[in-house]
Structure formats: structure tokens, C-alpha cells
> 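One structure, pasted below without further comment.
Below, all heavy atoms of this structure are taken into account, side chains as well, without hydrogens, waters or symmetry copies. Everything numeric in this text was worked out from a predicted model, so none of it was measured.
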Amino acid sequence: MTSRITLWVALFAGFMSLNAAAAEDVVATVTVAAVSTAADPISDPFSTEAVLQLVLVLFFIIALILALAWFARRTMGAAQGGQHMRVITGLPLGAREKVVLVEVGKEQMLLGVAPGRVNLITRFDEPVVDSSQQPNNVFGQRLAEVLQRGADK
């Protein structure tokens, strides 16, 4: 159908130019182009080559994402697990401000944390809070009680 349309367009263009020789050249070119495109088989999108190409491209994209994540972590200094430093407890003071008790070695520090700022409020030579005791997990205890009641019914 498209080859017939292109043939008619070519004939119309040839007749519009009022040059018979040019019209024959246009018709011959369009006919050759139509025959050559009709001879090319349409590739199957589920062929082995197409699926293999898709899988390879997906693996390449995933590898690229992982490499960029690794590079970003290396260059931006992502937080490493501190062996001698840890946050013991925190208390939110506002929407974006909080007070945090941090233990560094045997020393504890009270820090004020706000967007873009960290201020030392005070430093304690002796521990104020025993960091070895387990924190109160009120939510976990409450959840265990509810689950236990549900299992008893």
C-alpha cells in the first residue's frame, strides 16, 4: 500500500515538473527503493538476538548505577561505622533541631544539632548515661504484649 502511495507521489512530482525524463528517473528510484525495503525481513522482537541485546543493555545499566553509587560513596565520604564513637540518645527540640548525647571513647558530649550546624553544649568527663545498658524499647514491649494477647485468644 505504501509503495503505491509513494509511486503516485513520485508520478505527481514528475508530472508537475513537466519534464518526462526527470519523471522517469523519480519513478525508477521510488520503485527500486520500494522493492529493496520490501525485501528486508522485519526482525522478530522476541528473537534470540533481540532478547540477548536487551539483557546485555540492562546488565550494563545496572553495572553503571552500581559503579556510580560506589564512586559517590568513595568521594563524598559516606558515614562509616564508628568504632569509638556513637550516639547514645537524642531529644528533638523542634521540627529540625535536636540535642544529642554522643560518646567518644570514655567521654560523653552533649551536642546541639540544627540544619547546617553542630554546637558543643557541654562535655562530661564521667559518663552521665550508662551506654552499656540496653535502651528502653517501649514500642517493642507494647507490640510483644499485643501479640501475646492475640495469640492467647
> What distance do Leu111 atom CG and Lys98 atom NZ have between them, rounded to the nearest 0.5 Å?
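Answer rounded to 0.5 Å: 11.0 Å.
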> Looking at CG of Leu110 and CZ of Arg123, how far apart are the two atoms once the value is rounded to the nearest 0.5 Å?
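So the gap between those two atoms works out to 12.0 Å.
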> So, taking the atom named CZ in Phe59 and the one named CG in Leu64, what distance separates them when rounded to the nearest 0.5 Å?
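Going from CZ on Phe59 over to CG on Leu64, the span is 15.0 Å.
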> What about Trp70 and Leu66, same hydrophobic cluster or not, with Ile/Leu/Val/Met/Phe/Trp/Tyr joined at side-chain heavy-atom distances under 4.5 Å?
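In one cluster with Trp70: Leu66, no.
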> Are Phe71 and Ile62 linked, directly or through intermediate hydrophobic residues, by side-chain heavy-atom contacts shorter than 4.5 Å (ILVMFWY only)?
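No; tracing contacts between hydrophobic side chains, which count when under 4.5 Å, never links both residues.
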> Quick one: CD1 on Ile121 to CG on Leu101, what's the gap to the nearest 0.5 Å?
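Interatomic distance, Ile121 CD1 to Leu101 CG, rounded to 0.5 Å: 10.0 Å.
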> Answer yes or no: is there a side-chain heavy-atom contact under 4.5 Å between Arg86 and Val102?
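In short, these two side chains do not touch, never coming nearer than 4.5 Å.
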> Taking everything shown except Gln53 itself, do over 12 heavy atoms lie less than 6.0 Å from its CD?
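Check fails, neighbour count at 12 or below.
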> Ignoring hydrogens and geometry, is there a side-chain-to-backbone donor-acceptor pair from Glu103 to Gln108 under 3.5 Å?
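No, the answer is negative, given that no donor and acceptor are paired below the 3.5 Å cut-off.
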> Looking at residues at least two apart in the chain, or sitting in another chain, which of them share a side-chain contact (heavy atoms from CB on, under 4.5 Å) with Val51?
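So Val51 forms a side-chain contact (heavy atoms from CB on, under 4.5 Å) with Val55.
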> Which atoms form the tightest heavy-atom contact between Pro45 and Ala50, and what is the distance?
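It is O-CB, 3.3 Å.
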> What distance separates Glu107 CD from Phe124 CZ, expressed to the nearest 0.5 Å?
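Between Glu107 CD and Phe124 CZ, I get 10.5 Å after rounding to 0.5 Å.
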> Applying the 4.5 Å side-chain criterion to the ILVMFWY set and letting contacts propagate, would Leu52 and Phe46 be lumped into a single cluster?
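Per the 4.5 Å side-chain linkage, Leu52 and Phe46 are not co-clustered.
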> Quick one: pull up CG in Leu91 and CD in Glu97 and give me the separation to the nearest 0.5 Å.
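Between Leu91 CG and Glu97 CD, I get 12.0 Å after rounding to 0.5 Å.
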> May I ask whether Leu54 and Phe60 are part of the same hydrophobic cluster, defined by side-chain heavy atoms of I, L, V, M, F, W, Y residues being less than 4.5 angstrom apart, directly or through others?
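No: no chain of side-chain contacts under 4.5 Å links Leu54 to Phe60.
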